[in-house]
Every structure is written in structure tokens, then in C-alpha cells.
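This report concerns only the one structure given below.
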Amino acid sequence: MTKENIMHPGIAVVAGGAGFIGSHLCRALLDRGHEVICVDNLQTARPSNLRALEGSPGFTFVHADVVRPLPPAVTERMAQITRVYNLACAASPPQYQADPEHTLLTSVVGTHHLLRLAEAAKARFLLTSTSEVYGDPEIHPQIEDYRGSVSCTGPRACYDEGKRAAETLAFDYARGGRAEVRVARLFNTYGPNMHPDDGRVVSNLLCQALSGAPITIYGDGSQTRSFCYVSDTVDGLVRLMESDIDGSEPVNLGNPVEITVNDLLARVRAIVGSDAAVVHRPLPVDDPRRRRPDIGRAKALLDWSPKVPVDTGLARTAAWFAEELGASLQSPAAQAA
Ligand code: UDP
């Protein structure tokens, strides 16, 4: 069904390509020889992510919101489009909850527009879904067959249910033979190019520690997450897109090393060399108590597992944020990253 060959892999459309993971993915696809059309509404993207890509041969930026029909700058290149990656959606809880209606529509209507593009172009389509489809999980670690424990009425539902519906659409397109589909469920990802005001725990803790601001821990900090460095996530996405699996099942992509938020704080303190005070804030509504991917499927199908240890990734991310914020790092580990 796909039409690329080894010499000319064609155009990859990356919706959300100016965002944190999207900007790394655009770079990786350019390095693999793709032309890249990045479609982004710049709602949560860092403008400098885009500036770093814009000079690259083969890169085109299209300022558009996937909630609306895709503009001619995308559709008129249909004949060359071989891959459609959908990463479009605010992904940090404060940002996706700021305009919940738009968040839900981005996942559902945006995915529909991009699937229609893939169908018309006979291109392969990859949806970045999320570990949030498991909600506050009763099964640990989370396997793909687990159907999740999501509140459909709470403040996270706009994101969680939007992604669940987007998966439904994608698998219906696949079942109907309308598009070749891949679905990745991404667990927490971190690294350079995150927005300092993103609101997620890694960016918050690193930026607070670097600037000497009080460090915000929600609840008692005993909740767990599993943090995957962005280069590993991007490697997993490209492997999944390029694999010849039948694509009828979602694939977890995340780091199975599970740590508490308090443990993350201790690592951040050691790397940044900070003794900034901690302020506790209430645990957000529906905040999952724990999260860890079972990556058996990704290992078996894609020969993929994360390579970057958490402390190495955190040190690299700290060094990057320090440069962005004009702050200094005390610890040799981060300076060497
Ligand atoms: N969190 C925290 N301090 C912060 C931001 C987040 O303690 O400044 C907690 C949050 O309540 C959650 C975990 O860190 O339990 C991960 O939050 P994040 O927003 O990064 O992503 P989530 O996995 O909840 O989507």
C-alpha cells in the first residue's frame, strides 16, 4: 500500500511537529531522507523548536490547526506523501485542560482529517496515543490489552477520551482497509525542547531547581511515573511506523523504570545541585497513582527498548534547560552531559 522506495522515502507529514517530541521526530525524519511537512497551530510549541528546523533542506512549515480541514499547502503535495504522523495535541495536564473542548476536538476531528489524508495519499498513518488511555490503572504494569480505568466526566477526560476515540477511528480505518495504521501509546517522555512553562513534572522540577524557585510537589510525592528520554521515544515511533507488522494492535512506548515523584526530585537535586525548598500542592483530580509500561510487545515486534538511563537523560535535559534559562549548574554530572 505504501509508495516509497529506498532512495526517495517521500514526504512525511508531522502534525504537531513544532512541539517537544514532534520537533525531534522532524529532525530524525529529515536525517532519514524524508521531506517533512510540519503542520502545527503553535498553541503549545516553542517557536525556537521551529526556528532550529526551518533552515533545513526538505523542511516545510504549515501553520494550521488540524481541527480544520487541511490546507492546500498539505493536500496539494498528496502524490508525494508516504507517511502521516499525528502528534498534534497539547499533552501536559494544565495545557490540555485550559481549553478542553479544543483538546477533545484536536484528537477526534484532527485524527479524522489526518486519516482521510493518509487514505487519499495511500500513506501509512501513525497515531501517538497515550498511557492516559489506561487512566488510574488497576493493572500494573500496564499491558496493551488492559482496557483502562478512565473517568469520562473528569478534567482529564478531554485528553484521555479524545485519544481513546482517536484510537477507535484509526483502528476502524485499518479494519476497513482504508489506511495502513500504527498506534503508539506513549508514556511520560522528557528531554530538550520541552517548554519551560509546560507544567509537567520534569520541566517544572528542573526549571524550579535551576532558578532557585520553590519546588512544587503535588500530593505527598509517592505517586509513580516511568520517564522515557525523547531520543528513545522517537526511535520507537520511527521503528513502529517502518515495521511491517499488521498494525492491528497498539504498542506501548515508554521506559519501564518506575520511580516516585519524590525519587525524581532527589535525582533532580543531585544533578542540579539545588537545595531549593519544597512546597506541597494538592494532588490534581484523577491524577494516576502509578504508571509503568509493559514493553514486551515493543521488544518483540520492534526490537525496541529504551537506551538512555534516567540519570543520563535528566543530566542532558538539565544542561539544556540551564542554557535556555541562562542558569548555572552546580553538579559535574550535568556539566558533563
Ligand atoms: N507533579 C508534581 N509537581 C509538578 C508537576 C507535576 O508533583 O510540578 C506530579 C503530578 O501530580 C503527577 C506527576 O507529577 O503525579 C506527573 O505529572 P505530569 O504533569 O508530568 O504528567 P502526567 O503523567 O500526570 O500526565
Side-chain angles (χ1 to χ4, degrees), residues 19-21 44 87 89-98 100 103 106-107 128-137 140-142 148-151 154-164 184-230 233 252-269 272 274 276-293 310 313-314 317-318 321 325:
F20 157 49
I21 302 176
T44 57
L87 286 80
C89 195
S92 105
Q95 289 186 336
Y96 71 63
Q97 289 170 26
T103 298
T106 298
S107 284
T128 54
S129 183
T130 170
S131 57
E132 289 280 324
V133 300
Y134 304 123
D136 192 8
H140 197 72
Q142 289 79 58
S149 168
V150 173
S151 160
R156 296 176 90 100
C158 58
Y159 186 72
D160 303 6
E161 297 290 5
K163 290 287 190 181
R164 288 168 71 97
R185 291 184 177 157
L186 302 189
F187 285 63
N188 297 64
T189 302
Y190 70 99
N193 295 6
M194 291 183 94
H195 203 299
D197 299 327
D198 175 277
R200 274 179 282 197
V201 69
V202 172
S203 45
N204 273 8
L205 267 52
L206 281 172
C207 292
Q208 290 159 349
L210 283 163
S211 62
I215 292 179
T216 53
I217 298 292
Y218 303 163
D220 64 5
S222 63
Q223 68 272 33
T224 69
R225 294 291 186 274
S226 305
F227 297 99
C228 191
Y229 190 65
V230 65
T233 302
N252 286 341
L253 294 178
N255 188 344
V257 176
E258 178 185 6
I259 60 175
T260 64
V261 168
N262 286 330
D263 184 6
L264 175 70
L265 171 60
R267 291 166 190 250
V268 164
R269 281 189 187 288
V272 174
S274 152
V278 167
V279 287
H280 284 272
R281 301 258 166 83
L283 198 63
V285 175
D286 292 337
D287 197 275
R289 288 294 312 154
R290 56 189 187 162
R291 183 181 289 156
R292 169 155 64 101
V310 176
L314 283 174
T317 311
F321 270 126
L325 302 175

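Computed from a prediction, not measured in an experiment: that's the story for all the values here. Note that ligands are numbered from 1 as they come in the structure, with each ligand's atoms numbered from 1 the same way. Heavy atoms only: backbone and side chains are in, while hydrogens, waters and symmetry mates are out. The residues of the chain are indexed from 1 along the displayed sequence.
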Sort out for me which residue in Pro137, Pro288, Ser131 forms a side chain to side chain contact (heavy atoms under 4.5 Å, CB included) with Gln142.
Pro137
Sub-4.0 Å heavy-atom approach of Pro93 to ligand 1
yes
Hey, does Val261 come in under 3.5 Å of ligand 1, counting only N/O atoms on both sides?
no
Does the side chain of His140 pick up a donor-acceptor pair with the side chain of Glu258 at under 3.5 Å?
yes
Show which atoms of ligand 1 fall inside a sub-4.0 Å distance from at least one heavy-atom site of Glu132.
25 (O)
Below 4.0 Å, non-hydrogen atoms only: which portion of Val202 touches ligand 1? Side chain, backbone, both or neither.
neither
Determine, stepwise, if the pair Asp160 / Arg164 fulfils salt bridge (Lys or Arg N to Asp or Glu O under 4.0 Å).
CA-CA 6 Å; Asp160 303 6; Arg164 288 168 71 97; over 6 Å; no
Under 4.0 Å from a heavy atom of Asp287: which atoms of ligand 1 are those, numbered in the order shown and with their elements?
10 (C), 11 (O), 12 (C), 15 (O)
Note: Arg225-Asp287 ion pair, threshold 4.0 Å (strictly below):
yes
Can you label the angle between the Tyr159 ring and the Tyr96 ring as parallel, tilted or perpendicular, going by 30° and 60°?
parallel
Closest heavy-atom contact between Tyr190 and Val202?
CB-CG1, 3.8 Å
I need the contact type for Pro284 against ligand 1. Using non-hydrogen atoms and a strict under-4.0 Å cut-off, is it side chain, backbone, both or neither?
side chain
Near Ile217 (heavy-atom distance under 4.0 Å), the atoms of ligand 1 are 7 (O)
For Asn204, atoms of ligand 1 separated by under 4.0 Å from a heavy atom:
4 (C), 5 (C), 8 (O)
Among Thr216, Asp160, Thr189, Leu205, which residue places a heavy atom closest to atom 8 (O) of ligand 1?
Thr216
Considering Gln208, Arg156, Arg200, Arg290 one by one, which has a heavy atom nearer to atom 24 (O) of ligand 1 than any of the others?
Arg156
Atom 20 (O) of ligand 1: the protein heavy-atom neighbour that sits closest, reported with distance to 0.1 Å
Val201 N, 2.8 Å
Given Phe187, Tyr218, Tyr96, Tyr159, which has its nearest heavy atom closest to atom 7 (O) of ligand 1?
Tyr218
Arg156 pairs by side chain to side chain contact (heavy atoms under 4.5 Å, CB included) with which of Asp286, Asp136, Val150, Thr103?
Asp286
At what distance, to the nearest 0.5 angstrom, does CG of Asn252 lie from SG of Cys228?
11.5 Å
Mark up the atoms of ligand 1 that fall under 4.0 Å of a heavy atom belonging to Asn188, in ascending order.
21 (O), 22 (P), 23 (O)
Between Thr260 and Asn262: side-chain donor-acceptor atoms closer than 3.5 Å:
no
Quick one: does Arg281 get a heavy atom under 4.0 Å from ligand 1?
no
